[in-house]
Amino acid sequence: MSMRRPLALALTATALLAACPAAAGGPAGPVAPGAAAPPITPFGEPYLFTQQHRDALWWWNGTWLPQSVPSGARLQIQLPATPARWHPHTGPDCRPTAPADRLRPLHAHAVLTGRGELPNEGRIDGYATLQTFDYTVTGLGSVAICLRADPEPEHPEDIGLDTGSPLTYVLTLLVGIPQSALSAPP
């Protein structure tokens, strides 16, 4: 890939953020024609992701794109737990999934800000609780959030996860960059 593509993406994202300060966490105002609209989720409310909101699910048939969120956004991931326990994983194999991996020169960050547990009564058979993970994302680019189950669920396919070891939940996000920035060929 030539260096022109990442530079063009960075310039496009910078122009969009300048035209729409709400996408960068600034005050909302008029949206310039052709600019990204402010996010629907207000900054007071987190974006919510579950086991069905993860990278490259098979049923996307190659059309999957990561979710766009503004820099400064808060998000929460809820995963079925007990007996399984989920732990943040930051190893070298935790990286953005294609096509977001094209944005590597740009840097976004996810910071774990809290953990919790919710009752799971009547939701997902075989799991007593839902574990929650709260994050704040900042910067401009793609970021991967990875969580690993230990012990692994006996039947991960029952909760929409692939079988295999180690069982890793991966969520790639575009921070401050619209999905449309990925639609052009490299």
Stepwise side-chain contact (heavy atoms from CB on, under 4.5 Å) check, Val69 with Val137 = CA-CA 8 Å; Val69 296; Val137 293; 3.7 Å; yes

Please name the pair of heavy atoms, one in [X] and one in [Y], separated by the smallest distance, quoted to 0.1 Å.
X: Thr172; Y: Arg95; result: OG1-O, 4.4 Å
X: Ala144; Y: Pro96; result: CB-N, 3.5 Å
X: Ser71; Y: Val175; result: CA-CG1, 3.6 Å
X: Leu174; Y: Gln179; result: CD1-CA, 3.9 Å

Practice task
Kindly indicate, with the supporting measurements, whether the criterion side-chain contact (heavy atoms from CB on, under 4.5 Å) is fulfilled by Val143 and His107.
Solution key: CA-CA 8 Å; Val143 65; His107 301 287; over 6 Å; no

Within-4.5 Å side-chain heavy-atom neighbours: [X] and [Y]:
X: Tyr169; Y: Ile145; answer: no
X: Arg115; Y: Pro88; answer: yes
X: Leu173; Y: Phe49; answer: yes
X: Phe133; Y: Gln78; answer: no

Where at least one partner belongs to residues 75-88, residue pairs that pass salt bridge (Lys or Arg N to Asp or Glu O under 4.0 Å), sequence neighbours excluded |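 Those involving residues 75-88 are Arg85-Glu117.
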
Q) Do side-chain atoms of Trp86 reach the backbone of Pro80 as a donor and acceptor pair under 3.5 angstrom? A)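 Such a contact is found between Trp86 side chain and Pro80 backbone.
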
- Query: Does any N or O in the side chain of Asn120 come within less than 3.5 Å of the main-chain N or O of Leu130, such that one atom is a donor and the other an acceptor?
  - Reply: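 Not a single qualifying donor-acceptor pair exists.
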
Thr50: side-chain contact (heavy atoms from CB on, under 4.5 Å) partners, not counting sequence neighbours:
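By the side-chain contact (heavy atoms from CB on, under 4.5 Å) rule, Thr50 matches Gln52, His53.
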
* Treating Ile, Leu, Val, Met, Phe, Trp and Tyr as nodes and any side-chain heavy-atom pair under 4.5 angstrom as an edge, say whether Leu106 and Leu65 lie in one connected cluster. =>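 Linked, Leu106 and Leu65 end up in one cluster.
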
### Query
What residue pairs, at least two apart or across chains, pass side chain to side chain donor-acceptor pair (under 3.5 Å) with a residue in residues 129-139?
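Every side chain to side chain donor-acceptor pair (under 3.5 Å) pair that includes a residue of residues 129-139, provided the two are not neighbours, is Gln76-Asp134, Thr82-Thr129.
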
- Task: Could you tell me the separation between the CG atom of Leu147 and the CD1 atom of Ile77, rounded to the nearest 0.5 Å?
- Result: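 Reported to 0.5 Å precision, the distance equals 5.0 Å.
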
CD1-OG distance between Ile177 and Ser142, expressed to the nearest 0.5 angstrom: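 Between atom CD1 of Ile177 and atom OG of Ser142 there are 7.0 Å.
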
May I have the step-by-step check of side-chain contact (heavy atoms from CB on, under 4.5 Å) for Leu79 and Tyr127, ending in yes or no?
CA-CA 10 Å; Leu79 296 174; Tyr127 298 89; over 6 Å; no

